[in-house]
Amino acid sequence: MSALIFANPAILFGLIALPVIWWLLRLTPPRPKTEVFPPLRILATVLKREETPSKSPWWLTLLRMLLAAAVILAIADPVMNPRANSLNAGGPLVLVVDNGWATATDWERRVQTARLLIDDAESADVPVSITFTANASHEAVPGTAAAARDKLKAANPRPLVPDRARTAQAIREAMNGTRPGTLAILSDGMAAASDNDAMSAFAALSPAEMRLVEGDGHSAVALTDAVNNAAAMTVTATRLSTASAQQMNVNALDAQGRALASGTLQFAAGAGTATAEIASPFELRNDFARLNIDGLATAGAAHLLDDGFKRRRIALLAGESGSDFQPLLQPLYYISRALLPYADVIQPNTADLAVAIPQILQGNPSAIILADVGRLPAETYAPLQRWIAQGGTLIRFAGPRLAAAPADDPLVPVILRQGERALGGAMSWSEPQSLADFPSFGPFAGMPRAADITVTRQVLAEPTPDLAERTWASLADGTPLVTEKEVDAGRIVLFHTSAEATWSNLPLSGNFVEMLRRLVQLARAGGAASSGSAAEGATATLAPYRLLTADGVLTTETGTARPIAIAANQVPVASFDHPPGLYGTEDGFTAVNLLAPKTVIARFDPTAAGRPIVREGLAGGEAVSLRPALFAAAFALLILDSIVVLFMNGAFSRVPGRRRTAGGAAAVITALAFGLFALLPGQPQAQEMAPGAGAKPGDEQILERLDTTHLAYVVTGERDVDSISEQGLEGLSQFLTYRTTLEPGAPVGLDITKDELSFYPIIYWPISATAPMPSPAAISRIDAYMRNGGTVLFDTRDQYSSLDGGGTTPNGERLQAILANIDIPPLEPTPTDHVLTRSFYLLTNFPGRYTGSPLWVEARQEAKSTGAQLSSSGDGVTPLLITGNDFAGAWAVDSQGAAVLPTVPPDEMQREYAYRSGVNIMMYMLTGNYKADQVHVPALLERLGQ
């Protein structure tokens, strides 16, 4: 096969004319020029020394030559990787087309490939036999090409696995000894169970040529199984192409097609199978109606879920009903409470077990739970045993009645000893027994052991060789707690303790709920496989309800699908008579999926034919015509030539005012561009980009407050109090500037109802009983300020403290009224080892104008257990300080730097220590618990002389 051919090669002779075209283009005279008539203008033109060339420029001639060559080549229609007609004309064309589920994604390419083969057969004047391997019937007699096209047009993908052996048998009968010229198999690439027989039958036809046409197989991915485990749903998938790693998402959809959850399939390189876990609550998994591989619309990429994945129907029976006035003592109370969130719990309306058990069995429950039921009516044993054998799950709990039951009870999993083992009884423990670790097998595997669960009474099992294998849970001393026995398709499970809290506290634990949930998950949803007659071999026959199309869509069109007979304890698989879908009714149905569980897709192997086979790919991608590209190139060259000619003839030079027009257009475009840029969202406006323009009032003040630390005080509205506060903070600021590296700015008076508080590390609040009470909104702002890391220094200025249980003062009462609306933490007087005592100076107390009041701070960790919500978000800094020593009165200075108020008693050292207290408070506010680090301990001890 050539890499490039021409559909019309005779046109290529036109390339011989290219030299002639070159010569003609070079000799073509230029078009006449038009000049203005006035004589002076003519004379001026005559005097010009410029000459008009008599030949076209070489590059323009070359451009036109390329244009002509492109047109000639385009008419010749070059084709890359052309498809060759190589059918053998020695007999009919036998066309075998796979139209199974995997062909849904590339069906159009397969139809195109088949159509091309039919066209080749028509050109060779040979008949065509076309068959489809996923069809139930075949008409394989060779006919005309037109008839074959009609069959191809009517065909479509089917949601089935192809049966090539059946197709080969139909072709053999139709050919009736006629030898095919070419036998072409348009395969989906996947192996089928009867491929060896099919290929042997095809080889027996003795075709002159055999072809195998396949796709890439990347879309051949199918879901094969879904298991609804206790914690998640496990989904298994298989794929055809295993060359590279692949990741795909699996979506769980409800009945309306809405995605409820998803999982991820991780195919390793070289692996043909993968699993995904869809983790979601059990209640949500009950709503799963189907699983779909994201991005694939095939029947194999869909997995239908039936009633088996719905809520289980659980029947409860008890040996005694218990008292309705004491529900906690009823045998079924804890069981029903544990099962109700995820199962349909039913209880009989009669206490007569001979009547209740047959009624329950008619409803075909998934599981039956017997709580302390010993002896059953004799006529109920056989129906119960049949129900278990057909897939039912019987769960029993021990109790006094079961302990006294005969040892040969057929409905217990192990042989039981007579009587129960009780704490303090004949077979007693020295202490209550706890649970042992759950074994690695069974439904409880992976559950953590609850150390707080203890058992005081149980029924014991007789030792048998297989007792350990049947034990799903045991106590610390090795005695069984939960045992089981499989009976045909069903099982019997026994809890060796009671279902209420008299024998153990297991029913009170979360483990009890999880254990019951896992056991119910093992039960067959929808109950046993069939009714009582099924034990004799009868099966349930279900009519088609909804069927799956090849694209993975459920439809009500059932077509020729027949009712399916589902045998007990068997998983139905799709076939020609029973395509995949839902069988049953709206009230209950069974899902029939395309592939059986544990199916692994494999490559189709045609070597069983025992003869050479030519392999090809699907049509639609290998042959590429270059005609469109050449015509596009010729058109582009024509546009370029036209522009060049216009320039050379001065078409643009005669536009009046072109420079002014061009300049004006450029100016307009530039202005528009700047205007649009200015209007874009987020772009600064013109006035905002100008320095200093658009500034709001107060911005300079805010910047100054952020740039310099300021001491702030609350403006009370009383002139004398506010004046002392301002003078006091001014005096402390001067002291800080003189003694430390901190240089605070001027003190700031705050209106706490509207001023921004977050600029200040600490706010001094002088309490005055005669000042207006702050509004709730103002107090709320202070509360928010403290929650965000700020600190407020409350000063009652009365030398007394009402926080230590002493008497109250008017200022103290006002403070209590303010703090009543703030969620303050527990408080304590400043401990001697608090950071405040050593943040800058070493202090033992914190005097102000007075010395009688302690400085209250937030209590440390042992006091925080009271549950107070307010706690500083700063670095260990208390959100509030409370004193009565009138700090501002001691710090206050006039404009000359002299003290305004005397200390009480008059003592300049007291004022010095008041300043030092202010320094320590400010350093504590600014550095937090920095000085609490152990690195400072040696220096502090040295200063203390210890």
Side-chain angles (χ1 to χ4, degrees), residues 705 708-740 742-752 755 757 759-771 782 790-801 811 814-815 836 839-841 843 845-856 880-926:
R705 298 283 168 81
T708 305
T709 301
H710 293 266
L711 306 185
Y713 64 93
V714 175
V715 176
T716 63
E718 296 184 340
R719 179 178 301 177
D720 294 343
V721 176
D722 296 340
S723 176
I724 293 298
S725 297
E726 182 180 9
Q727 291 175 327
L729 296 185
E730 176 62 30
L732 179 60
S733 298
Q734 294 178 8
F735 191 87
L736 286 167
T737 302
Y738 177 69
R739 296 290 182 93
T740 71
L742 176 64
E743 299 181 2
V748 177
L750 296 177
D751 182 354
I752 60 175
D755 289 339
L757 308 179
F759 299 149
Y760 313 100
I762 187 172
I763 297 175
Y764 178 75
W765 192 338
I767 303 299
S768 174
T770 57
I782 286 292
T791 299
V792 179
L793 172 56
F794 295 96
D795 194 343
T796 59
R797 305 175 298 110
D798 53 9
Q799 194 179 3
Y800 296 101
S801 173
N811 288 354
R814 173 56 60 86
L815 175 62
L836 265 173
S839 61
F840 193 86
Y841 293 103
L843 301 176
N845 59 359
F846 300 88
R849 189 174 172 223
Y850 308 108
T851 60
S853 174
L855 180 63
W856 294 82
L880 77 166
L881 301 168
I882 300 177
T883 185
N885 287 335
D886 191 9
F887 281 160
W891 299 336
V893 295
D894 57 17
S895 58
Q896 303 300 320
V900 175
L901 298 175
T903 61
V904 180
D907 186 359
E908 287 305 311
M909 281 304 299
Q910 180 177 330
R911 192 184 304 276
E912 173 68 19
Y913 278 103
Y915 279 122
R916 293 186 178 185
S917 297
V919 172
N920 274 25
I921 291 173
M922 282 303 303
M923 293 303 170
Y924 173 58
M925 294 301 107
L926 297 176

Visitor: Could you pull out the closest heavy-atom pair between Arg797 and Asp886, with the gap in Å?
Guide: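 The answer is CG-OD1, 3.6 Å.
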Visitor: I need the single residue from Ile762, Asn920, Leu793 that forms a side-chain contact (heavy atoms from CB on, under 4.5 Å) with Met925. Which is it?
Guide: Ile762
Visitor: Which heavy-atom pair separates Ser917 from Phe846 by the least distance, and what is that distance?
Guide: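 The answer is OG-CA, 3.3 Å.
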Visitor: On a heavy-atom basis, which atom in Tyr850 and which in Gly884 lie closest, and how many Å separate them?
Guide: CD1-O, 3.8 Å
Visitor: Just how far is it from atom OG of Ser725 to atom CH2 of Trp891, taken to the nearest 0.5 Å?
Guide: 10.0 Å
Visitor: Quick one: pull up CG in Asp755 and OH in Tyr760 and give me the separation to the nearest 0.5 Å.
Guide: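 Answer for the CG-OH pair, Asp755 versus Tyr760, is 7.0 Å.
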Visitor: So which atom in Pro747 and which in Tyr713 form the shortest heavy-atom distance, rounded to 0.1 Å?
Guide: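 In this case the closest contact between Pro747 and Tyr713 is CB-CE2, 4.5 Å.
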Visitor: Any side-chain heavy atom of Thr883 sitting closer than 4.5 Å to one from Leu855?
Guide: yes
Visitor: What do the steps show when you test Tyr924 against Thr791 for side-chain contact (heavy atoms from CB on, under 4.5 Å), and what is the final call?
Guide: CA-CA 10 Å; Tyr924 173 58; Thr791 299; over 6 Å; no
Visitor: Using a 3.5 Å distance criterion without hydrogens, assess whether the side chain of Asp894 forms a donor-acceptor pair with backbone atoms of Gln896.
Guide: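 Yes; at least one donor-acceptor contact below 3.5 Å.
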Visitor: Does the pair Val748 and Phe759 meet the rule for a side-chain contact (heavy atoms from CB on, under 4.5 Å), with working shown?
Guide: CA-CA 11 Å; Val748 177; Phe759 299 149; over 6 Å; no
Visitor: Provide the closest heavy-atom pair for Pro766 versus Val714 in the form atom of the first, atom of the second, distance.
Guide: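 Scanning both residues completely, I find the closest heavy atoms to be CD-O, 3.9 Å.
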Visitor: Anything under 30° is parallel, anything over 60° is perpendicular, the rest tilted; go ahead and classify Phe735 against Tyr915.
Guide: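 Geometry flag for Tyr915 against Phe735: parallel rings.
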Visitor: Would you give the length of the straight line joining atom CE of Met923 to atom CZ of Arg916, rounded to the nearest 0.5 angstrom?
Guide: 13.5 Å
Visitor: Is the number of heavy atoms from other residues, nucleotides or ligands within 6.0 Å of OH (Tyr913) greater than 12?
Guide: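 12 or below, so no.
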Visitor: Can you list the steps and then say if Phe840 with Thr740 is a side-chain contact (heavy atoms from CB on, under 4.5 Å)?
Guide: CA-CA 9 Å; Phe840 193 86; Thr740 71; 3.6 Å; yes
Visitor: If you round to the nearest 0.5 Å, how far is NE2 of His710 from CG of Leu750?
Guide: 11.0 Å
Visitor: Please enumerate all residues that pass side chain to side chain contact (heavy atoms under 4.5 Å, CB included) together with Arg814, with sequence neighbours excluded.
Guide: Ile767, Met773, Ile818
Visitor: How many angstroms lie between atom CZ of Arg849 and atom CG of Asp795, to the nearest 0.5 angstrom?
Guide: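 Rounded to the nearest 0.5 Å, the CZ-CG separation comes out at 11.0 Å.
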Visitor: Are Leu757 and Ile782 close enough, and set up right, to give a side-chain contact (heavy atoms from CB on, under 4.5 Å), and what steps lead you there?
Guide: CA-CA 8 Å; Leu757 308 179; Ile782 286 292; 3.9 Å; yes
Visitor: Without hydrogens or angle criteria, can the side chains of Thr716 and Asp722 be said to hold a donor-acceptor pair below 3.5 Å?
Guide: yes
Visitor: Testing the basics here: between Pro847 and Asn885, what is the closest heavy-atom pair and its distance to 0.1 Å?
Guide: CA-ND2, 4.0 Å
Visitor: Please round to the nearest 0.5 Å and tell me the distance separating atom CD1 of Ile724 and atom CG of Leu901.
Guide: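 The CG atom of Leu901 is 4.5 Å from CD1 of Ile724, to the nearest 0.5 Å.
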